[in-house]
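Here the structure is a predicted model, which is why all the values come from computation and not from measurement.
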Amino acid sequence: MADLSGGPVATGWAASPTGLPHPGGRRPGSPHAAGRSGPVAWMAIPALAIFIVFGIVPLFGVLFLSFTQWDGLGAIHPTGFANWRSVLSDPGLPHSIWVTFEIMILSWAVQTPLSLLLGTFLAGRQRYRGFLAVLFFVPLLLSSAAIAITYKALLDPNFGLGAGLKIGFLTQDWLGNSTLALGVVIFVVSWQFIPFHSLIYQGGVRQIPTSMYEAASIDGAGRVRQFFSITVPQLKYTIITSSTLMVVGSLTFFDLIFVLTAGGPGDATRVLALDMYKRGFQANLMGPASVIAVLLVLIGLALALLLRRLGGSTTASQQEGA
């Protein structure tokens with residue numbers, strides 16, 4: 001707005017490069033704006049320090065141990081690349097990597113659609129859905145070791161649930177057959193973590209504007225059409241986030257598999273994390289175990305970066321539901 005003399009009116013607003021005013025006449029790059037961002041940067045220092053102490057320093061420590069020979073108690077002796085050569089040439093390593101990725105992919109394929117459907121259902125406003133949300137969340141509150149012990153007892157062919165109820169299908173040797181044992185691991189992992197991802201999808205669905213569903217209803221779209229045409233596309237970045245947590249988290253499955261199958265039968269469920277434990281704490285070979293730990297970090301970083309690239313830019317992800 002200009003006065004009669006043609007100059008801008010002093011209204012306390014400064015024009016931005018886009019033509020929109022900034023309140024108080026302050027530009028984003030002004031000293032006042034820089035002063036306001038200063039305290040925020042200082043507040044991040046404690047979190048950064050904790051990350052360095054408990055994240056970066058142990059990572060470099062494990063990397064150092066991968067080039068040494070150590071039994072966990074005695075002196076540490078450097079070995080060069082001997083540990084890396086022995087681990088990478090071990091014929092059991094490709095099998096552990098294959099089992100790890102098999103559990104990762106199959107558990108993702110089970111958890112993602114079920115979590116998405118449950119999250120969409122729980123995003124409704126009916127009162128009973130609040131009770132169901134609490135009920136569905138119970139498995140996440142239990143420890144993985146307790147869950148493994150419970151399922152191990154329930155699936156016992158002699159004294160388990162199948163023997164008690166006289167159900168022939170449940171009296172199989174679930175943990176003694178390699179194929180069945182892998183299926184049990186995937187089922188138990190999915191049962192435990194579906195509630196967490198359902199909670200993520202529930203929050204994502206509630207961020208979708210209701211006007212989109214109202215417009216679709218006016219156009220004659222049913223519930224199924226709305227789900228695939230509105231809900232799923234709007235949850236693209238939520239799906240990427242949930243998938244990243246599933247994929248990277250599956251690399252650290254240890255306690256549940258250790259208690260449930262101990263990597264058996266044979267090596268059917270021996271994942272990389274369990275292989276690392278067996279080398280380091282059962283065979284007292286901390287050097288080779290550290291090599292596997294470094295491999296897990298590298299695989300996790302590669303998968304996280306891949307999923308981030310599939311998700312697109314950060315700016316686009318911030319506009320989800322807008």
Side-chain angles (χ1 to χ4, degrees), residues 1 13 16-23 28 101-142 147 183 186-250 303-322:
M1 186 172 88
W13 295 78
S16 67
T18 58
L20 298 176
H22 293 294
F101 275 88
E102 195 173 11
I103 293 177
M104 176 195 303
I105 295 172
L106 293 177
S107 62
W108 176 87
V110 173
Q111 292 182 70
T112 299
L114 293 178
S115 300
L116 180 57
L117 291 173
L118 279 176
T120 304
F121 171 74
L122 295 176
R125 303 298 179 181
Q126 293 86 343
R127 291 184 178 180
Y128 69 88
R129 299 195 186 194
F131 170 76
L132 291 178
V134 175
L135 184 64
F136 293 155
F137 203 70
V138 169
L140 193 63
L141 304 178
L142 306 175
I147 292 174
I186 295 171
F187 171 80
V188 176
V189 165
S190 302
W191 181 85
Q192 182 181 10
F193 291 105
I194 279 177
F196 172 73
H197 296 282
S198 297
L199 188 64
I200 294 177
Y201 287 118
Q202 178 184 0
V205 171
R206 288 186 174 177
Q207 296 299 317
I208 301 175
T210 56
S211 58
M212 300 181 68
Y213 293 101
E214 294 172 354
S217 298
I218 294 175
D219 291 338
R223 293 288 183 90
V224 176
R225 180 65 181 275
Q226 292 178 22
F227 176 78
F228 286 104
S229 299
I230 298 177
T231 305
V232 174
Q234 288 292 311
L235 292 179
K236 172 185 175 182
Y237 299 103
T238 304
I239 294 173
I240 294 295
T241 301
S242 175
S243 299
T244 303
L245 294 174
M246 287 184 194
V247 168
V248 177
S250 64
L303 291 174
L305 291 175
L306 175 62
L307 289 172
R308 185 178 182 274
R309 181 174 292 274
L310 292 176
S313 64
T314 306
T315 303
S317 65
Q318 292 175 348
Q319 297 175 350
E320 178 177 321

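At least one donor-acceptor pair closer than 3.5 Å links the side chain of Ser190 to the backbone N or O of Ile186.
The distance from atom OH of Tyr213 to atom OG1 of Thr231, rounded to the nearest 0.5 Å, is 2.5 Å. Rounding to the nearest 0.5 angstrom, the gap separating the CG atom in Leu118 from the CD atom in Gln111 is 11.5 Å. Note that CD of Glu102 is 12.5 Å distant from OG of Ser250, once rounded to the nearest 0.5 Å. Remark: Arg223 CZ to Ser217 OG distance equals 8.0 Å, nearest 0.5 Å. To the nearest 0.5 Å, atoms CG (Leu310) and CD1 (Ile240) are separated by 5.5 Å. Interatomic distance, CD1 of Ile230 versus CD1 of Ile208, reported as 8.0 Å (0.5 Å rounding).
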Given side chain to side chain contact (heavy atoms under 4.5 Å, CB included), test Arg308 with Thr244 step by step and report yes or no. CA-CA 8 Å; Arg308 185 178 182 274; Thr244 303; over 6 Å; no

Checking Phe193 against Leu245 for the side chain to side chain contact (heavy atoms under 4.5 Å, CB included) test, could you report, in this order, the C-alpha distance in whole Å, the side-chain angles of both residues, the deciding distance, and whether it holds? CA-CA 10 Å; Phe193 291 105; Leu245 294 174; over 6 Å; no

May I have the step-by-step check of side chain to side chain contact (heavy atoms under 4.5 Å, CB included) for Leu122 and Tyr201, ending in yes or no? CA-CA 9 Å; Leu122 295 176; Tyr201 287 118; over 6 Å; no

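Between Lys236 and Ile239, the closest side-chain pair of non-hydrogen atoms is not below 4.5 Å. Between Met104 and Leu303 the shortest side-chain heavy-atom distance falls below 4.5 Å. Trp191 has its side chain out of reach of Val110: every pair of non-hydrogen atoms, C-beta onward, lies at least 4.5 Å apart. Contact annotation: the side chain of Phe227 approaches that of Leu116 to within less than 4.5 Å [non-hydrogen atoms, C-beta and beyond].
Nearest heavy-atom pair across Ala123 and Val205 is CB-CG1, 3.6 Å. Of all non-hydrogen atoms in Leu235 and Gly204, the two that sit nearest each other are CD2-C, 3.5 Å. Across every non-hydrogen atom of Gln226 and Ala221, the tightest pair is NE2-O, 3.1 Å. The minimum heavy-atom distance between Gly124 and Arg206, with the atom names listed, is O-NH2, 3.5 Å. The heavy-atom pair separating Pro139 from Ile147 by the smallest distance is O-CD1, 3.7 Å.
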